[in-house]
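One structure is given here, and the rest of the page talks about it.
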Amino acid sequence: MSYEIPPSRRSSIDQVLAVLEKASRVILTTHKNGDGDGAGCEAALLSLLLEEGIQAWIVNPTPFPDLFRFLVPDPTRILEVDEPETRRRCRAADLCIVVDTGEVSRIGRVGPLVEDLGKVIIDHHPPGSGALEGVSFRDAAAAAAGELVFDLAWTRDGPWTRPLVEGLYVALLTDTGSFRHSNVTPEVHRIAAELVSRGADPEELHRRIYGRAPLRRYRLLEKALATLDVSSDGRVAWMTVPAKAFRELACSSEDLEGLVDFPRELDGVEVGLLFREVAEGSTKVSFRSNGPADVNVLARSFGGGGHARASGALIEGKVEQVRDRVVARSIEYLHDEAGAPGSGDAGLAESREPQDGEGVE
Ligand SMILES: [Mn+2]
C-alpha cells in the first residue's frame with residue numbers, strides 16, 4: 001500500500017501550494033536551536049523552491065546546526081541573522097515560511113526581520129501562546145513537520161531532489177528517535193519507504209547523524225551519569241549536566257543529544273529529567289515521559305512547553321534549586337494526575353528534541 005495523505009490536511013495543502021505559486025522570494029526559518037526536523041524541512045523546501053525558479057534563503061534565529069549542513073548543497077543559501085545582507089534579503093522577500101514552530105517567541109531575532117512578510121506556518125506542535133499569523137498548515141498528529149512538508153511534495157509529485165528526500169528523511173529520523181518513539185505510525189514508515197525508494201540512504205544518513213561521536217561527548221556523559229538519581233517511589237529519574245565539565249570539555253548543545261534518555265530509560269521510571277545551567281542563575285530542563293504522563297503540562301507549569309512526551313523549559317534559578325523544585329513537582333504530578341492507570345493521555349505527538357531550548361536564546 002502506498003502513502004495516502006490524511007484527508008483532513010487537504011485544504012491546508014491546497015492553500016499553502018497556492019501561496020507558494022505566487023511567491024518569488026522566500027525566507028525560510030525555524031525555531032531557536034533548530035533540530036533535524038527544522039533543518040531537514042528547510043533543506044527540503046529550499047530545494048523545492050529553487051527548482052521552481054523561486055529565490056529562497058534560510059535565516060534562523062540561532063546558527064544553522066553544523067550536523068545538518070550537509071543537507072544544503074549551496075552554503076550561500078544559509079544567511080546569518082545579524083548580517084547586513086540578511087536584512088536586505090528579508091526586505092526584498094515576499095513570503096516567509098516558518099517550520100517546526102508556530103510561535104512568535106520561538107523565532108527570536110528573525111521575528112522583526114520578517115514582520116511585514118506574508119507567512120506560511122508548517123508545524124506539528126500543539127498551539128501555544130503568541131501564535132504567528134499566516135496561512136497555517138498544522139497537525140499535532142504529525143510525527144514531524146517533515147511529514148507535512150512531505151505532503152506538499154507528494155501532492156505536486158516532487159521534485160524529488162536529493163536535498164528534498166534526504167532532508168525529509170532526516171526530519172522523520174530525528175523527530176521519531178530513529179523510528180522508535182510513540183509518534184511512529186504506519187504513515188511514518190510509508191513516507192520513509194517513499195523517500196528511500198527515491199534515493200534517501202538510511203544507513204548513510206543514520207551514520208552521519210548518530211554514528212559518530214567526539215570524545216568530549218563520552219567524557220561529558222561520564223560526568224553526567226555520576227549525577228543520575230531516582231525518586232524513592234522510582235517513578236522520576238534525573239540527571240544533571242555539570243556546567244564545569246561542559247565548559248572545560250568545550251561542549252555544545254549538540255553534545256547533549258540523547259542524554260535525557262538515560263534517566264528516562266531507567267526501569268520503572270515514568271518521567272525522566274535533564275538539568276543544565278545555561279547561564280548564571282538560569283537552568284534548562286528537558287522533560288521526557290515514558291507513558292501516560294503529559295510532560296507538556298509539567299513544562300508549561302514552569303513557563304516552557306513542547307509535546308506530551310517531550311518538553312522543555314528554561315527556569316530561573318541555580319541548578320540545585322531548580323532541580324529540587326522540578327523533581328518535587330514531577331513526583332507530585334504523577335501522584336495526583338497520572339496515579340490511576342489510563343487517566344492520562346499523552347497523545348501521539350512526540351519528538352526526541354522538540355522545541356529544544358524552549359525560551360533559550
Ligand atoms: Mn519537529
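Every number for a ligand or one of its atoms is a count from 1 in the order of the listing.
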Please report the shortest heavy-atom distance between L168 and F150, naming the atom on each side. CD1-CA, 3.6 Å
Name of the D37 atom (N/O/S only) found closest to the Mn ion (ligand 1): OD2
If I take every N, O or S atom of H125, is at least one of them less than 2.8 Å from the Mn ion (ligand 1)? no
Is it the case that over 12 heavy atoms from other parts of the model lie below 6.0 angstrom from the CZ atom of F70? yes
Tell me which N, O or S atom from D100 is the closest to the Mn ion (ligand 1). OD1
When you measure from the centre of the six-membered ring of F64, is the NZ or CZ of R69 under 6.0 Å away and within 45° of the axis? no
Would you mind naming the N, O or S atom of D175 nearest to the Mn ion (ligand 1)? OD2
Might you work through the side-chain contact (heavy atoms from CB on, under 4.5 Å) test for H124 and D100, ending with a clear yes or no? CA-CA 6 Å; H124 70 125; D100 202 31; 3.1 Å; yes
